[in-house]
Protein chains: 2
Amino acid sequence: MSIEEKKRLQRNDRVTIRTVATHAGVSVAAVSKVMRNAYGVSEALRAKVTDAIEVLGYRPSRAARGLRGRSFTIGVLLIDIRNPFLPEVIAGVNGVLAPSHYQAMIGVSDARVQLETSLIESMIDYKMDGLILVAPRLPSDIIAKFAAQIPIVAVGYHDAGATAFDTVNADDQRGAEIAVEALLACGYRDIEMLSLGEREGHQVSVVRQREIGFRRAIQRGGLGSSAPITKIPIAPPKREETMRKFLSRKNRPRAVFCWSDLDAVTLLSLAMEMGVRVPEDLAVVGYDNSSTAALGLVNLASIDQSGRELGQVATRTLISRIEGRTGAEHIFQMPSLVSRNSLSRSGMAPVT
Amino acid sequence: MSIEEKKRLQRNDRVTIRTVATHAGVSVAAVSKVMRNAYGVSEALRAKVTDAIEVLGYRPSRAARGLRGRSFTIGVLLIDIRNPFLPEVIAGVNGVLAPSHYQAMIGVSDARVQLETSLIESMIDYKMDGLILVAPRLPSDIIAKFAAQIPIVAVGYHDAGATAFDTVNADDQRGAEIAVEALLACGYRDIEMLSLGEREGHQVSVVRQREIGFRRAIQRGGLGSSAPITKIPIAPPKREETMRKFLSRKNRPRAVFCWSDLDAVTLLSLAMEMGVRVPEDLAVVGYDNSSTAALGLVNLASIDQSGRELGQVATRTLISRIEGRTGAEHIFQMPSLVSRNSLSRSGMAPVT
DNA sequence: CGTTATATGGAGAACGTTCTACATTATCCG
DNA sequence: CGGATAATGTAGAACGTTCTCCATATAACG
C-alpha cells in the first residue's frame with residue numbers, strides 16, 4: 001500500500017504495470033500475462049490482477065507496447081476526406097473494431113504522394129499492427145515493399161496479382177456495366193462516359209476499372225467498338241469548363257455515365273444552369289450513391305458500392321492477416337444500381 | 001562497417017539510432033543530440049551524423065520516442081466525419097503541420113461519448129504532444145482533467161472561461177445575427193430558427209451559441225421577445241418527419257434560419273417535393289457554406305466560417321502551447337454571409 | 001603558467017511494456 | 001513413495017529513444 005503510493009507520487013502519478021503489480025502483490029510479468037491473456041494464468045491470479053487494474057484505473061501505455069510488441073492500433077490511410085464515400089468506409093472500420101481491443105488511427109494525405117509515403121512510414125514507426133490503405137496512389141511494388149514490414153490491406157486498388165498484400169474492392173467493372181445496362185434498358189443508344197483525367201488515376205485505380213466496364217458494356221450492347229470517354233481534369237477552373245463544353249457540344253450524347261457522384265452532381269447543376277433538361281435531354285448515372293445524390297433536389301441515379309461494407313470486410317481481412325494468415329486474399333463486392341429521376345422520370349429503370 | 005552490418009542482419013534489418021551511431025563513428029547520444037538539434041554539437045559532428053542518416057535512410061521510431069519524450073505527433077479528434085465542414089478543418093491542420101516535423105493522427109468517435117474518452121486516453125497513452133478536439137461532446141471539467149496531462153485546444157466549443165485549455169471558435173452568435181440581419185434586410189419579418197434537438201448539443205456547443213445569436217438579432221430587429229425555435233431530432237425517421245410538419249404548418253414562417261447546411265439542404269429538398277417555393281414562399285439561410293450549398297441545383301445562402309482557417313489557427317495555438325505557453329487563449333474568428341438564391345431571387349442581399 | 005570558464009562528446013539510466021527462460025509447486029501414475 | 005509431467009509464477013533482458021550528468025579538450029584570462 002505504501003510502496004506503490006510512494007511510487008505514484010514520485011513518478012508524477014502515472015499508473016504503470018508496476019503499480020498494478022505491487023498493488024496486486026504479484027510480479028510485473030504476471031500482470032503482463034493477464035493483459036495479453038497469455039497461457040499459464042490461474043483464476044486466482046487473474047482475479048487479483050483485474051481487481052487491481054479496476055481499482056487503479058490502469059491503462060497500458062501504447063507507446064511502450066509499440067516499442068516492445070503490438071500496439072493494438074491499426075492505421076487507416078485516406079487520400080482525400082472530401083469524397084463523401086470515405087466516411088462510410090471509416091464507419092465500417094470503426095464498427096468492426098469497436099468490440100475488439102484494437103483502435104483505428106487515421107492519416108490523411110492530401111493527394112500528395114510524398115505525404116502518403118511518409119505517413120505509411122510513420123505508421124510503421126509507431127509499430128501499428130496493420131494498415132488499411134484506401135485508394136492509394138502508390139505503385140504496387142512500393143506497397144509490396146511496405147507490406148514486408150507490416151500487414152496491409154488496400155481498398156479501391158485493383159491489383160489481384162499482388163502477393164504481398166490483400167485487396168478489397170467493389171467490382172468496379174461490373175458497376176460500370178450495370179450503369180450502362182440500365183441506360184440501355186431505358187432505350188438510350190447514344191452513351192458517353194465522363195471519367196477522371198489521365199494524371200489522376202493509375203492503371204489499378206477504380207476509375208480505370210470503370211472505364212473498362214463501360215467499354216465492355218457498350219460493346220456487348222451492340223453499339224459498336226467506339227465507346228467515347230471524356231476526361232475531366234481535377235483542377236477547379238478547368239473542371240467546370242470541360243463540363244460546360246461537354247454540355248454545349250453539338251453532338252452531345254443522349255446519356256452519360258459519370259465516374260463519380262462528385263462530378264455528376266456538378267454536371268447536373270451546370271445542366272440546369274444551361275437549360276439542358278435531365279433526363280429529357282440528357283440522362284445521367286453517377287457512382288458512389290453519395291448522400292447528395294439522394295437529395296430530392298438532385299435526384300441522381302447512382303451505382304451503390306457500400307463503403308461501409310468495404311470498410312468492414314477490409315478490417316476483418318486485415319485482422320485475419322495480423323493473426324497469422326499468409327497468402328494474399330483479393331475480395332470483391334458486388335455493386336448495385338439505385339435508380340432515380342436522372343435516369344428516367346419515373347425514377348424506375350424499365351424492366352427488360 | 002562490418003559491425004553495423006552484422007547488427008542489421010542479426011536484428012531483422014531495422015536501422016536504429018545505434019546503427020547510425022556506429023556508421024558515423026560517434027556515440028548514440030551524439031546522434032540523438034543532432035536529431036533534436038540540441039545544444040553542444042559541432043559542425044563536423046552534425047555533418048557526419050546527417051550523412052550517415054542520409055546513407056542509411058534512418059527514421060527514428062515514434063514508438064520509442066513516445067516512450068521517452070515527445071512523439072512529434074498531434075492527435076485530432078472528430079465526432080463525425082460526415083459533416084462536410086470537418087475536411088476543411090483537417091486541411092487547415094495538415095497545411096500548418098506539413099512544413100514542421102509534426103504529423104497529425106486523426107481519431108473518429110462516432111458520436112459516442114464513451115468512445116470519445118477512450119480515444120483521448122489512447123492518444124495520451126501514445127504520448128502524443130497535443131490534442132485538437134473538434135466539437136467535443138465532453139463537459140468542460142473532464143476536458144480540463146485531460147488537459148492536465150496533455151496540451152489541448154478545443155475547436156467549436158464555446159467555453160471562454162476555461163483556464164486549462166485553449167479554444168478556437170468562429171463567432172457563432174455573430175454568425176446567427178448576420179443571417180437574421182440578412183433576412184431582415186430582405187424585408188422578411190416572420191423568421192424562425194431550425195435548431196438541433198436538446199439532447200445533441202450541450203450548453204457550450206455551437207448550436208446553442210447560434211440560438212443565442214438568433215434570439216438577440218430577432219429582439220434587436222424589433223420583432224418582439226418571442227424568437228421561435230423548432231428543434232430537429234437527429235434520428236433519420238423523426239428528422240424528416242419534423243421538417244415535413246414544419247413545412248406544412250398553417251402558421252409557417254416566411255423565412256427560416258437553419259443551424260446547419262446539413263439540415264437546410266434536406267429542408268430545401270422537402271420543400272420542393274411539397275411544392276413550397278424557395279424563396280417566394282420560404283426564404284432559407286443555412287450555416288457552414290458546405291460544397292452542397294454551393295451547387296447550382298441547391299443554391300443555398302449560408303454563413304461561412306472558414307473551417308480551414310479554424311484548423312490553421314487551432315494548430316498554431318496548440319503548437320505554441322506545446323512549446324511552453326501557459327495561460328489559456330480563446331480565439332474568435334468572424335463568419336460571413338454567402339448570399340444565394342434561397343435568400344432572394346437575385347442571390348443578393350439588399351443593401352440597407 | 002596556473003586557474004577558471006566554455007564548448008564538445010559520451011556513458012548510462014530511465015521510459016513501460018513484452019516475452020523467453022527458468023524456478024517452483026502441484027498432479028499424476030505405476 | 002519416487003519420478004515424471006504439467007501448471008503456474010517470476011527474473012530480467014530486450015525494444016529504441018531521450019536526457020542528465022560527467023569527462024575531456026580548448027579557450028580565456030590574470
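Excluded from the calculations below are hydrogen atoms, water molecules and symmetry mates; all remaining heavy atoms, backbone and side chain alike, are included. Convention: sequence-line order gives letters A, B, ...; per-chain numbering from 1. Predicted, not measured: the structure shown is a model, and the values here were computed from it.
For the pair A:R68 and C:dC19, the criterion of a side-chain N or O lying under 4.0 Å from OP1 or OP2 is not met. When the side-chain nitrogen and oxygen atoms of A:S61 are compared with OP1 and OP2 of C:dC15, none of them lie within a distance under 4.0 Å. Considering only side-chain N and O atoms, B:Y39 lies under 4.0 angstrom from the phosphate OP1 or OP2 of C:dA7. For the pair B:S42 and C:dG9, the criterion of a side-chain N or O lying under 4.0 Å from OP1 or OP2 is met. In this model, the phosphate group of C:dT17 is approached by a side-chain N or O of A:Y58 to a distance below 4.0 Å at OP1 or OP2.
In this structure, the nucleotide among D:dT17, C:dG12, C:dG16 sitting nearest to the side chain of B:A29 is C:dG12.
Residue contacts shown for B:F72 are absent, as no nucleic acid heavy atom lies under 4.0 Å away. Using a 4.0 Å heavy-atom cutoff across all strands shown, A:R62 reaches no nucleic acid atom at all.
The structure places CD1 of B:I106 at 10.0 Å from CG of B:L77, a figure rounded to the nearest 0.5 Å. For the atom pair A:I79 CD1 and A:L119 CG, the distance stands at 12.5 Å (nearest 0.5 Å).
For A:R65 and C:dC15, the CZ to C1' distance is 16 Å, given to the nearest whole Å. Atom-to-atom, CD1 of B:I17 to P of D:dC19 comes out at 11 Å; the value is rounded to the nearest Å. Straight-line distance from the CZ atom of B:R18 to the C1' atom of D:dA14: 10 Å, rounded to whole Å. Atom pair B:L67:CG and C:dA13:P shows a separation of 17 Å (rounding to whole Å applied). Spacing between atom CZ of B:R70 and atom C1' of C:dC15 amounts to 16 Å, rounded to whole angstrom units. Atom OH of A:Y126 and atom P of D:dT17 are 14 Å apart (whole Å). For the pair A:K127 NZ and C:dT18 P, the interatomic distance rounds to 12 Å; values are reported in whole Å.
Of the residues in residues 30-37 of chain A, those lying under 4.0 Å from DNA chain C by heavy-atom distance are A:S32, A:R36. Contacts between residues 45-55 of chain B and DNA chain C, counted as heavy-atom distances below 4.0 Å, involve B:L45.
With a 6.0 Å radius and a threshold of 12 heavy atoms from other residues, nucleotides or ligands, B:Q114 has its CD atom at or below the threshold. Within 6.0 Å of atom CD in A:Q149, more than 12 heavy atoms from other residues, nucleotides or ligands are found, so the atom counts as buried in its surroundings.
Contact detail for A:S109 and A:L115: the closest heavy-atom pair is CA-CD2, 3.8 Å. Contact record, A:V113 with A:R137: CG2-CB, 4.0 Å, taken as the closest heavy-atom pair.
Taking B:R325 as the reference, B:D166, B:E329 meet the salt bridge (Lys or Arg N to Asp or Glu O under 4.0 Å) condition, with sequence neighbours excluded. Here B:R308 pairs with A:R82, B:E88, B:A91, B:S306, B:Q312 under the side chain to side chain contact (heavy atoms under 4.5 Å, CB included) rule; sequence neighbours left out. For A:A52, the side chain to side chain contact (heavy atoms under 4.5 Å, CB included) partners at least two apart in sequence or on another chain are A:V20, A:H23, A:A24.
For the helix from C:dC1-D:dG30 to C:dG30-D:dC1, the axis fitted to the five pairs at one end and the axis fitted to the five pairs at the other end meet at an angle of 40° (nearest 10 degrees).
Side-chain rings of A:F146 and A:F165 stay apart, their centers remaining 6.0 Å or farther from each other.
In summary, B:R59 and A:E121 engage in a salt bridge, as defined by a charged side-chain N under 4.0 Å from a carboxylate O.
At a threshold of 4.5 Å between non-hydrogen side-chain atoms, the residues A:V108 and B:V93 do not count as touching.
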